[in-house]
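Here's the structure we're looking at; comments come further down.
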Amino acid sequence: MASSNRAVTFQNPKDMRVDSLDFPKLQMPNGKKAPHGVILKIVATNICGSDLHIYRGSFPVPQGMVMGHEMTGEVIEVGPDVEFLSEGDLVSVPFNVACGRCRNCRARRTDVCETTNPDVSCGAYGFNLGDWTGGQAEYLFVPYADFQLLRFPDRDQAMAKIRDLALLSDILPTAFHGLMEAGAKPGSTVYIAGAGPVGRCGAAAARLLGASCIIVGDYSKDRLELVEKNGCETIDLSQDAALTDQIEAILGEPMVDCAVDYVGSEAHGIGHESGNMDPAYAINQVVDATRAGGATGVIGVYGPDPLAKSKAEQEGTYPIDFGQAWIKSPRISAGQAPIMHYNRELMMAILWDRMPYLSAMLNTKVISLDDAPGAYATFDTGVAEKFIIDPHGLIDA
Ligand SMILES: NC(=O)c1ccc[n+]([C@@H]2O[C@H](COP(=O)([O-])OP(=O)(O)OC[C@H]3O[C@@H](n4cnc5c(N)ncnc54)[C@H](O)[C@@H]3O)[C@@H](O)[C@H]2O)c1
Ligand SMILES: [Zn+2]
Ligand SMILES: [Zn+2]
């Protein structure tokens, strides 16, 4: 049995490190015993665009905090109150920490669990959201394991598809949630803002849903190429033309049925404004791109940002063009995604080969724990890869 642990920790903006830690205990952040928890040996733990907010300093966290919220692992220790999991099970960990007992969890709104963070209704591993130790580590404690964990039916089958299944802890269900909030269905026309890993999962999920014209906008030619080669239309936002004109040039009409913001507060403008950053850009663009009576999902993270230009934005107040939006009678939905709402069906879609294009669109790269600090710096440059940390060297090349 292992007795030590190593993990990626935040030191300062742009300074991640691999540190030694104590082996995790079945214990809550407040020190209370957690007989409902398990210890996982981590098999895959991804670096996310949400981690970049921490890396850049726009989402402040304590020095030394363990990073990571996208974990897949093997159960190696089971608390005495756990009934449905056993040692050796391979599981996906939803990034939302959820008790399964509060009003919101009982309504499957695990994104706003009322008990796992004493400050706001929302707990997550590896953020400053309830003090949950992150999982870019060799080992991790997970509470409320029967409720939270998604067990893969067959270990060998799962290991053969682990690069895709590793996306179930966050970005694939998150991207799918954005489309559901935007009312996507077979035949819908869809605009996807952002070709980062989350936007690319959105494009893949739109294909799974049977959307008709899937248009992805970004500035990164390499990122756009991954979706273009896999059944999507693309818009290079560095071109100086209105988004609606660019949509019309592809679709024959200037607006889509559904649009999703997979960007967040570090958004850039279009064309000659592409060098400028404004937290309201992407939200206003997706509203602009959506037809009257359509719907919009906001998956990108928006919070108080100490690095923002204005005092209002530093406090999390953004200049949304609500007057323009209002007249379209829009539905706009935002927030963390309730992973558990979608992860089982998406797991089955992967296991039954319904998303054969997913790997090619994501372009996952498996790295060691020691390579993780360097991978943060590389991911921050906007490369067209999604990094999966493999702390024990268990994933085949
Ligand atoms: N709501 C949730 O539960 C949840 C979960 C996971 C990630 N997220 C958030 O989703 C967002 C995307 O994550 P990611 O890993 O893909 O990040 P990323 O930073 O790799 O990708 C963002 C992409 O957006 C592009 N972009 C910038 N401005 C744009 C604009 N105006 N229009 C279109 N594209 C623009 C960038 O060039 C970049 O390629 C982040 O804000 C992340 O925190 C939210
Ligand atoms: Zn994530
Ligand atoms: Zn709860």
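One-based numbering, in listed order, for ligands and for the atoms of each. The figures that follow rest on heavy atoms only: side chains count, while hydrogens, waters and symmetry mates do not.
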Could you walk me through whether Phe95 and His69 pass the ring-ring contact (aromatic ring centres under 6.0 Å, His included) check? CA-CA 5 Å; Phe95 80 83; His69 59 274; 5.7 Å; yes
Which is it for Phe176 and Glu181 under the side chain to side chain contact (heavy atoms under 4.5 Å, CB included) test, yes or no, and what are the steps along the way? CA-CA 9 Å; Phe176 195 87; Glu181 294 297 286; over 6 Å; no
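Residue-to-ligand polar distances keep Tyr262 apart from ligand 1: every N/O pair is separated by 3.5 Å or more. In terms of N/O distances under 3.5 Å, ligand 1 is approached by Val301. Ligand 1 has an N or O atom lying under 3.5 Å from an N or O atom of Asp218, backbone or side chain. Any N or O atom pair closer than 3.5 Å counts here, and His268 shares at least one such pair with ligand 1. Ligand 1 has an N or O atom lying under 3.5 Å from an N or O atom of Val263, backbone or side chain. Annotation: Arg56 places no N or O atom under 3.5 Å from an N or O atom of ligand 1; distance criterion only. Where the criterion is an N or O separation shorter than 3.5 Å, residue side chain and backbone included, Glu266 fails it with respect to ligand 1. On a distance-only criterion, Ala267 and ligand 1 share no N/O pair closer than 3.5 Å. Checking only distances, Ala337 does come within under 3.5 Å of ligand 1, N or O to N or O. Remark: ligand 1 and Val198 share an N or O pair separated by less than 3.5 Å (distance only, no angle test).
For ligand 1, the atoms closer than 4.0 angstrom to any heavy atom of Gln285 are 30 (C), 31 (N), 32 (N). Those atoms of ligand 1 that come under 4.0 Å of a heavy atom in Ser50, given as number and element, are 6 (C), 7 (C), 8 (N), 9 (C), 42 (C), 43 (O). Near Gly194, meaning under 4.0 Å from any of its heavy atoms, are these atoms of ligand 1: 24 (O), 33 (C), 34 (N). Shown in contact with His53 at under 4.0 Å from a heavy atom are these atoms of ligand 1, numbered in order with element: 40 (C), 41 (O), 42 (C), 43 (O). Heavy-atom contacts of Gly217 reach the following atoms of ligand 1: 33 (C), 34 (N) (cutoff under 4.0 Å). Set against the non-hydrogen atoms of Phe379, the atoms of ligand 1 under 4.0 Å away are 20 (O). Taking a cut-off of under 4.0 Å to the non-hydrogen atoms of Asp170, the atoms of ligand 1 that pass are 5 (C), 6 (C).
If you check which protein heavy atom lies closest to atom 44 (C) of ligand 1, you get Ile299 O, 3.0 Å. Among protein heavy atoms, the minimum distance from atom 32 (N) of ligand 1 is reached at Leu237 CD1, 3.2 Å. For atom 4 (C) of ligand 1, the closest heavy atom belonging to the protein is Thr174 CG2, 3.6 Å. When hydrogens are left out, the protein atom nearest atom 10 (O) of ligand 1 is Gly300 CA, 3.8 Å; that is the closest non-hydrogen contact. For atom 19 (O) of ligand 1, the nearest protein heavy atom (residue, atom name, distance) is Leu52 CD1, 4.2 Å. Counting protein heavy atoms only, atom 18 (P) of ligand 1 is closest to Arg223 NH1, 3.8 Å. Annotation: atom 17 (O) of ligand 1 to nearest protein heavy atom, Gly49 CA, 3.6 Å.
Summary: OE2 is the N/O/S atom of Glu70 found nearest to the Zn ion (ligand 2). Of all the N, O or S atoms in Asp170, the one closest to the Zn ion (ligand 2) is OD2.
No hydrogens or angles considered: nothing links the side chains of Glu77 and Tyr139 as a donor-acceptor pair under 3.5 Å. Side chain to side chain, Asn46 and Glu70 meet the donor-acceptor criterion of an N or O pair below 3.5 Å. In this structure, a donor-acceptor pair under 3.5 Å is absent between the side chains of His36 and Asp81. Checked by atom type, the side-chain pair Ser220/Asp222 shows no donor-acceptor distance below 3.5 Å.
Between Ile339 and Leu168 the shortest heavy-atom distance is CG2-O, 3.4 Å. Taking every heavy atom of both residues into account, Lys309 and Asp278 meet most closely at NZ-CA, 4.1 Å. Between Gly57 and Pro13, the shortest heavy-atom contact is CA-CG, 4.0 Å. Asn117 and Cys122 make their closest contact through ND2-O, 2.8 Å (heavy atoms, listed as atom of the first residue, atom of the second, distance).
Not a single heavy atom of Gly382 sits under 4.0 Å from any atom of ligand 1. Remark: distances from the non-hydrogen atoms of Gly335 to ligand 1 include one below 4.0 Å.
Residue side and main chain included, Asp51 places no N/O/S atom under 2.8 Å of the Zn ion (ligand 2).
Formation of a donor-acceptor pair under 3.5 Å by the Thr244 side chain with backbone atoms of Pro254 is not found in this model. At least one donor-acceptor pair closer than 3.5 Å links the side chain of Tyr302 to the backbone N or O of Gly264. Counting only distance, with no hydrogens or angles, the side chain of Arg17 and the backbone of Thr9 share no donor-acceptor pair below 3.5 Å.
Nearest-heavy-atom check against atom 29 (C) of ligand 1 across Tyr191, Phe95, Tyr219 picks out Tyr219.
For CG of Asp236, the number of neighbouring non-hydrogen atoms (other residues, nucleotides, ligands) closer than 6.0 Å is greater than 12. For Asp245, the CG atom sits in a packed shell: over 12 heavy atoms of surrounding residues, nucleotides or ligands are nearer than 6.0 Å.
Comment: Asp257 does not engage Lys185 in a salt bridge, judged by the lack of any side-chain N to carboxylate O separation of less than 4.0 angstrom. Between Arg56 and Glu266 there is a salt bridge, with a side-chain nitrogen of the basic residue lying less than 4.0 Å from a carboxylate oxygen of the acidic one. Taking the charged nitrogens against the carboxylate oxygens, Lys221 and Glu225 have no contact shorter than 4.0 Å, which rules out a salt bridge.
To the nearest 10 degrees, the Zn ion (ligand 2) sees NE2 of His69 and SG of Cys48 at an angle of 110°. Seen from the Zn ion (ligand 3), atom SG on Cys113 and atom SG on Cys99 lie at an angle near 100° (rounded to 10 degrees).
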